[in-house]
Amino acid sequence: MTAPGLSIRGLTKSFGGVRALDGVDLTVPMGQVHALLGHNGAGKSTLIKCLGGAYPPDAGTIEVGGVSYARLSPRESIAAGVAIIFQTLSVVDALTVAENIFLGQEWTRYGRIDRRAQEEVAAGLLERVAAKCSPRDRVGELPMAQRQLVEIAKALSRSASVLVLDEPTAALSGTEADALAERVEDLRTQGLAIVYVTHLLSEVERLADEVTVLRDGRVAHHAPMAGRTRRELVESITGGPLESTPRRARGLGRGHAPPGGEGPTAEAPDRPPGRERLAAPLGGEGSSAGAVDRPSGRECPPAAHGGDGSTADAADRPPGRERPPAPPRLTVHGLRGPGFGPVGLTVAEGERVGLYGLIGSGRTRILETLYGRRPASAGTVRVGDRTVTPARPAEALAAGIALVPADRRAQALFPSLSAQDNALLPSVRPLARYGVRALGAERRVFDAVATAVGLRPARPGLPAGAFSGGNQQKLVLGRWTNEARHVDVLLLDEPTQGVDVGARQEIHRVVSSLAAERGTAVLFASSDPEEIVALADRCLIVAGGQVVGELSGAGLTEQALLSAVHDTVPAEGAA
Amino acid sequence: MTTADPALTRPRVLVTGGLTAVRHHPLIAVLAAMVLAFQLSTGSFLNPANLRGIATDAATLAIVAVPLALLVISGYLDLSVGSTLALGGLVAGWLAGHGQSPVVAVLGALAAGAAVGAVNGALCCYFGLSAFIVTLGMLTAVRGLAQQLFPLPLSGFGPGFAWLGGSRIAGIAAPVVIAAVVLAAGALFLALTPAGRHVFAIGVNREAAHLSGISVRRTPFALFVVTGVAAALAGAIKASVLDSVVAGTSGAGFELTVLTAVLVGGVALTGGSGSILGVLLGVLFLGGLQNGLTLLNVPTFWQQMAQGTALVAGAALAYFAPRAAR
């Protein structure tokens, strides 16, 4: 083994009682590619941010190039030789390639920037990463793949020894991704220690020398890549067939049932697709059937490991759910828009349908088009039997369609306004009488919705920005679930992104009870298979802007979701 | 805004309530100190006659400051109000001077103001142009239009029109009554109407407001129109008080004074926060400052320096006070 370029020992980081990282070890020798895998929320981003100096770790050490640090500032991190290429690149569009590479470390001559020297060196660096752009090109005019290479060249200019790539191919087309893989191989040959974060197992197989899988902030799996199969990796990402998704894993039907599980497999098909989980949300008081199916159901660990899932399932299944499928509440035909389509789907009354796909697959565009935020170029959208083609969110809302957007800060939250304003903003007008706000009714509705979503603290006057991410999301959710609004179709985009485990469960509970009690049709997008399995009755696989598959009932498992997406290579130009 | 809490009648609560008010509006303390200082140095600052003078001066400021504050809270800005004020005064004066009834004269002014506001609003809200650039351009363009339409000074508008600026309602000057109505309407609008909530929401996060189904164009557009109307009304009042208007100089620099009052009153230029109580305090502060310095025979340029310093000091206060309070 060569000298370690990066060695992390016992790294621990908590956020308000939630352990995001719990004693994580990671060693990457120079000249190796180390793949880092795991769900969203498994701790990958926290690890990267500790490495980049954005978060101070609570415990543990980070050793770069033989020097050990208890914590790093962003500046120290760069000086130590760590370079992180985030998904959202940090290049400045308005500057040239050379200016970007030397940003903050400009070469000067007699007090002026020495453009020519910078451009000469930049040309050399661009050659090292085989970029097809000139140092004088404006970065804003380059395709995404080239911008990424510019950022890597910038890292090389700072003589980085540790390169972290955070889902680098998420925004790239298939050929661009291939080219990037070649660059990563080159850089490995040049002796860099590379940490490669990805969801795509094909990339791991091609590039990785070693693999570390994070789950719930811990190292769940660490081994050399040689000899690993995809199945082993998927199982360690999801916690294996026996650990967290006991019954569903057996119904997978892909020829690798775990030991001792033939009986339940036979039983699986006659279960109505994905209905059993409605038992818990109906009453809102986690019955055992609900907990079994909820991999994140940490509140009820005894039930989750009780092993008697099938019996509980049959007993707790609400009789009302045995009737034929409910009428469709949302019907979409041939919907097209920039970057996606044609998309057709239906969501029945009270049904929860997931949209699963990687970043850039078109999930968000589909939801935003249904909500009228983006124009549709073709297709029809029906709510019940009314045809609606929302051109603006206000029109979608009038038709009974509401959206909880993915980017809470940019698209949903009013940080300086009160919790009540945030939760009730679209309800103030419907509640008003003769154009005057009904202050008493507003407070009553707020109190009710705060209780329903489990807002903490339930203080109406506190600015939304003072709440935790999870409670902020509850406020946004409360906007459409309070009693003053009638929502037929609830669209959610990454409903629990950046939300702690407890709030995540509460959000799932609120959404489920909305579907069960009010018959709201729920269509939600998530890049987290665990969330899809926990929340969806049925899941559509989205890739390249189209629905490419569907999983439901016993076939809807984390393994099946991961395989469905990982076997899909991003379509050319889909980015 | 203060609430009508019966507990506040108890003195101790009154004191803590007062302290809370001062913490939220540090300007109250500054205003009190200024009044005290002017009274001690002039001896006549608090005379009823002088206070009436301040109120009348501050009235035109308040009438425009309220809708402008709403516009700023929703994330926009109107720099053209000085020229709109001149245009409103000229239209009202011209109509009154040509034998029209005072009502027609004022309505004519309001229509002119609404037209200017509609142009501002359409360009800023529906075409998405920068409010700073649009209204800066309109500041010059409307001034030019006013001078083109009314090249000669207008005066002698008749006793009927003089009623607007000179009459008293229950012993209070008409402009002060109008200003009080505008202030009350602004406060009630913000506190008690759905649109008042929407104004804050649009100012804090326009995209989120849009995605919440709020009409993020119509509301600010309406505020631009109301601001134009208010500026023209202020112009008509000024023309009535002075019984003359000059196209080239009427309301020159008014846009900066009124914006200063709004910002000193704690309305954030970035949008999303502010109160009508703050605007009232800002208007009283600027009106009192000008009056007191005039009583002390301080030359005009020193007064301008004081006004400018107050704005910067107010901004610094708004920047540091919330941090200290935490």
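Order of the sequence lines fixes the chain letters, A, B, ..., with proteins taken first and strands second; residue numbering starts at 1 for each chain.
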Contact class of Leu431(A) relative to chain B, heavy atoms under 4.5 angstrom: neither
What is the minimum heavy-atom distance between Leu425(A) and Ala201(B), and which atoms define it? CD2-CB, 3.5 Å
I would like to know whether Leu188(B) and Val436(A) meet side-chain contact (heavy atoms from CB on, under 4.5 Å); could you show each step before the answer? CA-CA 9 Å; Leu188(B) 291 175; Val436(A) 178; over 6 Å; no
Minimal non-hydrogen separation, Gly213(B) against Leu397(A), with atom names: CA-CD1, 3.4 Å
Options Val428(A), Leu403(A), Leu424(A), ranked by heavy-atom pairs under 4.5 Å with chain B, top entry: Val428(A)
What's the shortest heavy-atom distance between Pro393(A) and Leu211(B), and which atoms? CG-CD2, 3.9 Å
Suppose we screen for ring-ring contact (aromatic ring centres under 6.0 Å, His included). Which residues come up paired with Phe86(A), at least two apart in sequence or across chains? none
Please set out all donor-acceptor pairs under 3.5 angstrom arising from side-chain atoms of residues 450-467 of chain A, sequence neighbours excluded.
residue	atom	partner	partner atom	Å
Thr451(A)	OG1	Asp447(A)	O	2.8
Arg456(A)	NH2	Glu506(A)	OE1	2.9
Arg456(A)	NH2	Glu506(A)	OE2	3.4

Sort Ala410(A) into side chain, backbone, both or neither according to what part of it lies under 4.5 angstrom from a heavy atom of chain B. backbone
Between chain A and chain B, donor-acceptor distances below 3.5 angstrom:
residue	atom	partner	partner atom	Å
Tyr371(A)	OH	Leu211(B)	O	2.4
Arg373(A)	NE	Glu207(B)	OE2	2.5
Arg373(A)	NH2	Glu207(B)	OE2	2.8
Arg409(A)	O	Asn205(B)	ND2	3.1
Ala410(A)	O	Asn205(B)	ND2	3.4
Leu413(A)	O	Asn205(B)	ND2	2.9
Asp421(A)	OD1	Arg197(B)	NH1	3.3
Asp421(A)	OD2	Arg197(B)	NH1	2.6
Arg437(A)	N	Leu192(B)	O	2.6
Arg437(A)	NH1	Ala191(B)	O	2.7
Arg479(A)	NH1	Ser212(B)	OG	3.3

Which residues share a side chain to side chain donor-acceptor pair (under 3.5 Å) with Ser90(A), sequence neighbours left out: Glu151(A)
Which atoms of Ala432(A) come close to chain B, meaning under 4.5 Å heavy atom to heavy atom: side chain ones, backbone ones, both, or neither? side chain
Would a 4.5 Å heavy-atom cut-off, applied to side chains only, mark Ile214(B) and Pro426(A) as touching? no
